[in-house]
Amino acid sequence: MAKKERGLIELYHADPERADYLVFGRKAGPDRRGFLKGAGLASMGAVLGTTIPFSANMPAGLIPAALAETVSDFTFDAKHADMIVHNDRPVNIEAAAHLLDDDVTPADKHFIRNNGTMPMPMSRADWRLTIDGEVEEELELSYDQLMNDYELVTLQLQIECGGNGRAGFNPLPRGNPWTIGAIGCAEWTGVRLRDVLRRAGVRQSAVYTGHYSYDEHLSGDPDRPSISRGGPIDKMMDPNTIIALQMNGGDIPIEHGYPARIIAPGWAGSVSQKWVTRIWLRDREHDGPGMTGLSYRVPRYPVEPGAEVPHEDMMVMTSMPVKSVITNPQGGHEVAAGRPFEVRGQAWAGDNHVVKMETSIDFGATWQEAELHAPANRYAWQRWRNTIIPPQAGYYEVWARGTDDQGRTQPMVVPGWNPRGYLNNACHRIHFTAV
Ligand SMILES: Nc1nc2c(c(=O)[nH]1)N[C@H]1C(S)=C(S)[C@@H](COP(=O)(O)O)O[C@H]1N2
Ligand SMILES: [Mo]
C-alpha cells in the first residue's frame with residue numbers, strides 16, 4: 001500500500017471530522033454533527049441502493065454496517081508500496097519511474113490526480129450520463145446502454161497530467177511537484193465519444209465540450225465542481241477519445257473514475273473527466289473550473305522564469321509534448337566496466353508518434369540510437385531499449401531522449417517556464433557506477 005490510513009471505525013473514534021469526510025466526501029458541518037441529513041444521507045442511500053427509513057435516528061458518525069465493510073476503498077491499499085504520495089487531500093499519488101516498466105500499466109501503478117474529493121462509488125445501476133447543450137436530442141444514458149448499444153473498443157491509452165515534471169521548474173510553480181510518474185498507459189474498454197455525440201446529433205454550433213462529474217469540491221460546496229474541463233469538438237470526435245467503462249478488463253477502480261470516465265488521450269489528463277455524469281456541448285470554449293486564468297494554459301510567448309503573465313496572454317494547452325522515461329534499471333546501481341547491460345523504458349508524444357529514441361552516457365556529447373517499438377495502437381506509449389557498455393570504471397549517467405514525427409526532440413534542460421509549471425519534457429536520467 002502506498003500510505004497507511006487507519007481503518008474507518010478506528011478513525012471515527014480518533015478523528016470524526018476526517019472520517020465523515022471520507023464517508024461523505026465533505027466536511028461535516030455543525031448541523032451534521034447531530035443527525036445525518038441532506039446530501040450526506042442521499043449519497044449514503046445511493047451507495048446502499050435504498051433509502052434509510054430510520055435515518056432520523058442515526059447519530060452522525062455511525063456508519064451503516066453495509067458501508068463499514070466497503071470503505072476500505074478509500075485507503076491507498078490499492079497502490080503499490082513504491083508509489084509516491086504528494087497529498088492525501090485531495091489524493092495525489094505518482095509512480096516511481098521503475099514502476100512504469102509494464103507495457104500496460106496495472107491499476108496499482110497508475111498515478112492518481114484528484115482535484116476534489118475521492119467520492120463514494122456511485123451505484124452503477126443509478127449512474128447516468130447526460131449529453132446536452134448544442135445537440136439535436138438530449139440523451140440520458142445508463143451504463144448498460146453504453147455497454148450494449150454502442151460498439152466497444154479496447155485501447156491502450158496514455159494519460160499524463162499536464163503538470164507532470166513540474167518539480168523541475170525553477171521557481172517552482174504552485175501545484176503538485178510531480179517528478180516523472182504522473183503518467184500511465186492502461187488498457188481501457190469503452191465506447192467512442194463520437195458515437196454517442198452523433199446519436200445525440202451534434203449541432204453546427206457545437207465547438208467545445210464541458211465535463212461534469214460526481215466528485216465534489218474540497219470546500220464541501222455541492223454547487224462547486226472540483227474541476228470541469230472540456231475540449232474542442234475535433235478532439236472529442238477523434239475515434240480515440242472514449243467514454244471508458246472498464247480498466248484493464250475489469251471495473252474502473254473508484255480512484256480512476258468508477259463507473260465511467262472520459263479519456264482524451266495525449267492531452268493534459270484533466271480533459272479526461274473521471275466519474276463523469278454530464279457532457280455539455282457548447283457554442284464557445286468551456287469556462288468551468290480548470291479552464292480559465294492560468295489553469296492548463298501556457299503563455300503565448302516565452303517568458304522569464306517567475307514572470308507574472310497577464311491572463312489574456314495565456315492560451316489553452318493542447319497536445320502534450322514528446323517525452324520518455326527510463327524504467328529499468330532503477331539507477332544508483334553498480335555494473336562491471338566494459339560489460340554490456342540493458343536500459344529500457346517507455347516513450348510517448350501526445351497526439352504524435354515517437355520516431356526515434358536515443359541514449360547518452362557522456363552527458364549528451366554523443367547519442368546511441370535505441371530500439372523503438374511501434375505503439376500497440378495510436379496513443380499507447382512505446383517501448384524502447386538499448387545496450388550500454390561503460391568503457392571504464394567511474395560515475396555515469398544515462399540520459400534518454402525521444403524525437404517525435406514532427407522532428408521535435410526532448411530538451412536536456414528544462415523547457416519554457418510557465419506560471420503553473422506545465423509541459424516539462426526534459427530528458428529523464430539515471431546514474432550508475434561502473435567498477
Ligand atoms: N472528476 C474529476 N476528473 C478528473 C480529475 C478530478 O479531479 N476530478 N482530475 C483530472 C486530472 S488533473 C488528471 S491528470 C486525470 C488523472 O487521472 P487518474 O487519476 O486516473 O490518473 O484525471 C482528470 N480527471
Ligand atoms: Mo492533471
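If you read the sequence from its start, that first residue is 1, and numbering goes on from there. Ligands are counted one by one from 1 in listed order, and the atoms in each one are counted from 1 as well. None of the values given here were measured: they were computed from a predicted structure.
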What is the nearest protein non-hydrogen atom to atom 3 (N) of ligand 1, stated with its residue, atom name and distance? K274 N, 2.8 Å
Output yes when R194 and D238 qualify as a salt bridge under the 4.0 Å nitrogen-oxygen rule, no when they do not. no
Side-chain donor-acceptor pair present, H98, D82, cut-off under 3.5 Å: yes
Only heavy atoms of I227, strictly under 4.0 Å: list the atoms of ligand 1 that pass. 2 (C), 5 (C), 6 (C), 7 (O), 8 (N)
Specify side chain, backbone, both or neither for Y296, according to which of its non-hydrogen atoms lie closer than 4.0 Å to ligand 1. side chain
Could you tell me if any non-hydrogen atom of E160 lies under 4.0 Å from any atom of ligand 1? no
Can E285 and R297 be counted as an ion pair, charged N to O under 4.0 angstrom? yes
Please state whether G184 comes within less than 4.0 angstrom of ligand 1, counting heavy atoms only. no
Using heavy-atom distances, let me know which of W275, F111, Y212, W178 sits nearest atom 16 (C) of ligand 1. F111
Can you tell if the side chain of N328 reaches within under 4.5 Å of the side chain of Q330, non-hydrogen atoms only? no
What about D215: any of its N or O atoms under 3.5 Å from an N or O on ligand 1? yes
Please indicate whether any nitrogen or oxygen in N114 is less than 3.5 Å from any nitrogen or oxygen in ligand 1. no
Between S213 and D215, is there a side-chain donor-acceptor contact under 3.5 Å, judged purely by atom types and distance? yes
Salt bridge check, R124 against D251: does any charged N sit closer than 4.0 Å to a carboxylate O? yes
Just let me know how A182 lines up against ligand 1, side chain, backbone, both or neither, with a heavy-atom cut-off below 4.0 Å. neither
Under 3.5 Å between some N or O of ligand 1 and some N or O of S270? no
Quick one: which ligand 1 atoms are inside 4.0 Å of a heavy atom on H110? 21 (O)
Salt-bridged, E160 to K323, with N to O below 4.0 Å? yes
